[in-house]
Structure formats: structure tokens, C-alpha cells
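Proteins get letters first, then strands, A, B, ... in listed order; numbering begins at 1 in each.
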Number of protein chains: 2
Amino acid sequence: MGRKVTVGDVAASAGVSRATAARVLAGHTTVNPDMAKRVIKASEGLGYSANVVARALRTQRTDTVGMVVPSISNPYFVGAVEALEGVLAASGRALILCDSRDSADTEAARIEVLLNRMVDGLIVIPVSAEDSVAALRTAATQCRVVQFDRLSQGAGTDFVGSDNFAGVRQCVAHLRDRGCVRIAYVGAAPTTSTATERLRAFEGSTGGHPDGRVLLGEFTAAWGTEAALTLLREGRMPDGIVCGADVIAVSLLAALRAAGVEVPTDVKVVSYDNSGLGLLTAPRLTSVDQPLAAMAEETVRLLDAGLDAAAPPRKSIFAPKLIVRESTGG
Amino acid sequence: MGRKVTVGDVAASAGVSRATAARVLAGHTTVNPDMAKRVIKASEGLGYSANVVARALRTQRTDTVGMVVPSISNPYFVGAVEALEGVLAASGRALILCDSRDSADTEAARIEVLLNRMVDGLIVIPVSAEDSVAALRTAATQCRVVQFDRLSQGAGTDFVGSDNFAGVRQCVAHLRDRGCVRIAYVGAAPTTSTATERLRAFEGSTGGHPDGRVLLGEFTAAWGTEAALTLLREGRMPDGIVCGADVIAVSLLAALRAAGVEVPTDVKVVSYDNSGLGLLTAPRLTSVDQPLAAMAEETVRLLDAGLDAAAPPRKSIFAPKLIVRESTGG
DNA sequence: CTGAAAGCGCTAACAT
DNA sequence: ATGTTAGCGCTTTCAG
């Protein structure tokens, strides 16, 4: 376990003071070029690289952003993580990722851990519209916080998400366009803003058609399977199904096909998230895409823009777009 | 942005010295119960929680383990992350996760970042059997390193993985048992130990049958699709296919079905990883399971067991087990 | 332009 | 048993 080389080592090797070495390493131009050269050389020779922990303690900045997501096995969240990680890396920052396991308690604990690590900012996809508020509020007093994808009202943080009403409206319109008249919704119970908005949007879009069956569970594959079995058991299969997320749709699709229901012939399926998952199925999923890259950029922009406590939290809402594939007839 | 409360604040509020407050907070018993009580109360009243960064700088321990995986969108790796995160959390440690994007350069950079953060240990699923060695070697001089799943020979670190030969042998035996005689292998090019071993195992198991078609690409869904199209184009469809990973198998399955090839009737498919992905397909995938929970436990055990530099690196190899599902006839 | 010195928040000798 | 003090490695005044 060889000790890391420190500025002291570099300074000594270059025959200058620690301060000068530090200045050169920090890119300050107010240094004698000769000395600068000596320091650079010594630094490279010794393979110096700064101890981030010590620097953080001194500067109160870690160049690190924390992120908490409900489940790392949901590919939509993984996509969000990748997008954000990319944007942050571009400005030399790292992302520390935590999984809240869909539990508000775990979420609060993770947020605490990250704050103790002095992250410069926090990006949270909250577990619950209500239960996440407290932890978010206190976090917001310590560092910049942005909620992503899901909004917990009253947490007093900025928010970046997409227009779920517009997304679901596109789904329903598309199914109607393809001739569907009995459309069902298989989504998650309204404990998060996305689940709530998508549900409301579905109800709004099909208000005149009380035929629309609504099945509410969780954002999990298991629920997709269960919902499919329920529909099969009920016998009266809809001719169109809107799913609240790809994780639901994919397993629902598999269960329907296993039962001999043909997609898109017998029933057309449209989903939400446009994750890689929807490309692995046969047929591939028609799904609502959210502009993750742009959303990630905006999230980091908000993190960087110091919010003065008085200003009201900002909301950036992006427009989603339906990507049509074979599950609705291509 | 309220400042965090420090030991100093707690000490002042309790009317004791910083040292005493620190002792109480650290659970030392050598303190006057009255004072202890006062400190605890002050601590709770002020909502104190220790600054991990400052502590780390002093103790040279962060209670944090770094992990670098080739791609966070491969569900097998996600499963490994979840298992390790669970074991570490049980002993009060956190996991910092980095994605090397399947690039040895990125991997080296991530390892550097983590070392600068003074992680207590490093768990790496190396990108390449050869190109990862250098970064791993230097990392191993700074902290405890364990390679997981894939082994880069000569890095001088401990290793935890599973017996790929045994796994593939089970696959081939199972297909034969189900009556397959023309078995193909769709895997990854041998740039990693797992790809190499699985390929060799396949060649070894089917040595007497030069019929066995071998297609090598990457551990990606895109490759699975491409391989399926190649097999379809060649016309002479095998009656059994061994896939090197679920990500490959799932998209291969979708492409075959889309082309009207029935699984398992026309061709039986067996895969590797037993990730959640294989449960989402219709039919569900027969796949080789690796005991991730036990492997994670062992990994942390090795991290904790200080290796003296002289001792040879240790290897823990776990036995995989084929889980039979519908893609081979149930 | 350079160096000496202080200090981020914490813990562990050392001294009382 | 408690307090005082030094110092982890770094940056950044403040003198010179």
C-alpha cells in the first residue's frame, strides 16, 4: 500500500515551496515560468494527482454530485444516470450513485450519506410524492438539489421533468388512430407525480369512454405480468393498452404472447420511457421518448445556477415524443 | 445553504471539549455518563452528523468502496452491484459506482478518480483481459483491489468469479439431453476471461462435432440481433444455441421469433447470467445462474482481509447452476 | 512573484 | 476521565 505522493513531495522534488507547487498545479499564471516547468516535471515524474478529500475539506467543494434513484434495475433510470454522468464528466465532475430501493427511509439515509460527503449538489428521483418531501427539504438547506423526472411538491427544490399529460395523450391518440376503441391503462398507483399525471391524462383522454379498464400497481416487471394475467382472466381483452412504463409493458407483452394473444393483431400496446428494453421484445415496443440528454443538460444548469433562497423553485418541463414501432403495427 | 453543525458546535452546546464530544460520538465508554448524556442530547438537538470528508482525511479511511463496471446497462453487472452494495451496507460502508463504458482508458481514469477519493477498496470488473492490467496493478499498490467476474491475469489482485467451463458444459449437456445435435455458440470475442473461457468450454464440449457454428461479437443486445440475422441468412439453422450472455440471448430470441423461427420447437436457446432480462421474454430463458450473493460476500471478505504483498493473489471460483425454463422446453 | 502560516473538521496522542 | 494539541493534504490569505 504505497503512500500517495503529495504536493509536499512535488514541491520538494522541484525545490520550491508547497504554495508555489499548488499554484502551478492549479493553473495559476502568476508564477515564474522556470519554476512552473520544474514543478510540472516533478509532478509528472512522481505521478502526482491531488487528494480530492483534502482539497474538498479546504475548499468546501468536492466536484462531485450525488444522485439517488428508486431502483437501479429500471432501465429508464439507468438511462437518466448515464445522461447525467456524461454531462457532469464534461465539466470534470463525478457522480456518486445511490439506490433507494423504492423506500423513503432508505432514500433519506442515502441523502444523508451524500450530504456528509459534501457533494456539491444532489439529483433525486424521489420515491414518493409525499414521503420524500421531508428529506428533500432538509437536503435543500445544505446544498443545491434538483428533482428529476418525479416531483415531490413542497420540497422547495428545482425540478426537471417531462410533460406526462402530453405523452399519454399521444399514446391514446395513436391507438385511436390505429383503430382501437376499447383502451386499457396499466400503470402505477398514484404515489409519484409521474404515475399520477399519466393516470389523470389517461382518464382525461378517455373520459367519454367508460369502457377504459384501469389497472394500477407498481413500476415493476412483476406487475406487468400480473396485470396481463388479470386482463386474460377477465376475458374481455381490450384492443389497445397504454402502459405506464416499459418495465411494465415488456413483461405484459411476454405474458400476453405466452397466452396466445397476438400483438399488434389482437391488441396494440403502447408504453412509456422508450428504454432499450422495448427494442428487445418481439414485437418491439411503441413507446414515449423523453429527451434525456437535454433534460440532463438542464438539470446540471440548474444545479450550477445558485438559487437564492427567496426565489421560487424552478420547473423545466420537456416535451415527450411517441416513437412508433411494431407493437402498434409499426 | 446552512452550514453543517460540527463537533465543535455540539461540544460547546454540551459544555465540554471537542475531544470529549468526539469520544462520546465514537462510542468510547471511557466517559462520564452525565457528560455522555449531555453530548448525546446536544448532538440530537442540533442534528449533528459527522463530516465524512474530514474524518477520512484524519483516519485515512473513508468507509467507502469503489466499483468500476464495464456498462451499467448490462443487467448482470447491475445484479452484481446490487449484491455488493447490500453486503457493504450491512457493515456500514457505501459503494461508489463508476461506468467504464467498455473502454480501458475510461476504466483507468475512473480508477484514478476513486483512488484520489481514498476509497478503502476497489472492486473492478475489468474491461479487458490485457488492457486493464496496468491500471489494476498500480491501483493495487494503493489500496485493496478485487477483480470480480472477469480476471485480468498478472494484475496481482484477488479474484472472485465463477466456473465458466462448468457453466457452459451444463448448457451443452442440457441441449444434448433435449435432443439437440447441431449446436451453435453465440458469444463475445475472447478479450475477457469470461468470453475466453466460455468459448473454450464450448469448443471443448462439442469438439467431436465440427458442426458447431461459432459466432463471436460483443456482450451487447445489438450483437444478439446481428448474430440471429446471420444464422437466418445462412439458412442452416442449428437446433440448439448457447449464448454467452442474457443480453445477447434476449435480442437473438426476439429476432428469431420475428423471423418465424419457433423457440423452443425449432431451436432451443440457452444462455448465461440468469438476469431478470430472461424472465421478460416469451419464452423465458433457460440460463446459467451465478451465486451473486455468495460471491459478493466473498468479495468483501477478501477486501477486508489485508493481503500481505508477498502472498500470491487469491482466487475464489464459485459453481454456476443452469436454471431451466421454456426456451429449452421447460 | 514566492514563501510562511493558518485552517477546513475531525481524531488520537499526549498531558493533566 | 477530560482537555489540549497536533496534524491528515490541501488551498489561500498575508507578508515579504
Bend angle of the helix from dC1(C)-dG16(D) to dT16(C)-dA1(D), from helix axes over five pairs at each end, nearest 10°: 50°
Taking atom [atom2] of [N] as reference, at what distance in whole Å does atom [atom1] of [X] sit?
X	N	atom1	atom2	result
Leu57(B)	dA6(D)	CG	P	18 Å
Met35(B)	dT2(D)	CE	C1'	7 Å
Arg61(B)	dT11(C)	CZ	P	12 Å
Arg117(B)	dC8(D)	CZ	P	22 Å

Those residues that, when tested against Ala42(A), pass side-chain contact (heavy atoms from CB on, under 4.5 Å) (two or more places apart): Val10(A), Ser13(A), Ala14(A)
Base-contact (B) and sugar-phosphate-only (S) positions in nucleotides 11-16 of chain D, heavy-atom cut-off under 4.0 Å, - elsewhere: BBB---
Heavy-atom side-chain contact between [X] and [Y] under 4.5 Å:
X	Y	answer
Val78(B)	Asn74(B)	no
Leu25(B)	Tyr48(B)	yes
Val81(B)	Val69(B)	yes

Residue Asn32(B), side-chain atoms from C-beta onward, closest of dT2(C), dT2(D), dG9(D): dT2(D)
Ion pair Glu298(B)/Arg314(B), N-O distance below 4.0 Å: no
Side-chain N,O (Gln60(B)) to OP1/OP2 (dG9(D)) below 4.0 Å: yes
Enclosure of Lys315(A) NZ (heavy-atom neighbours >12, cutoff 6.0 Å): yes
Residue Glu130(B) excluded, over 12 heavy atoms near CD under 6.0 Å: no
Minimal non-hydrogen separation, Asp102(B) against Val127(B), with atom names: O-CG1, 3.5 Å
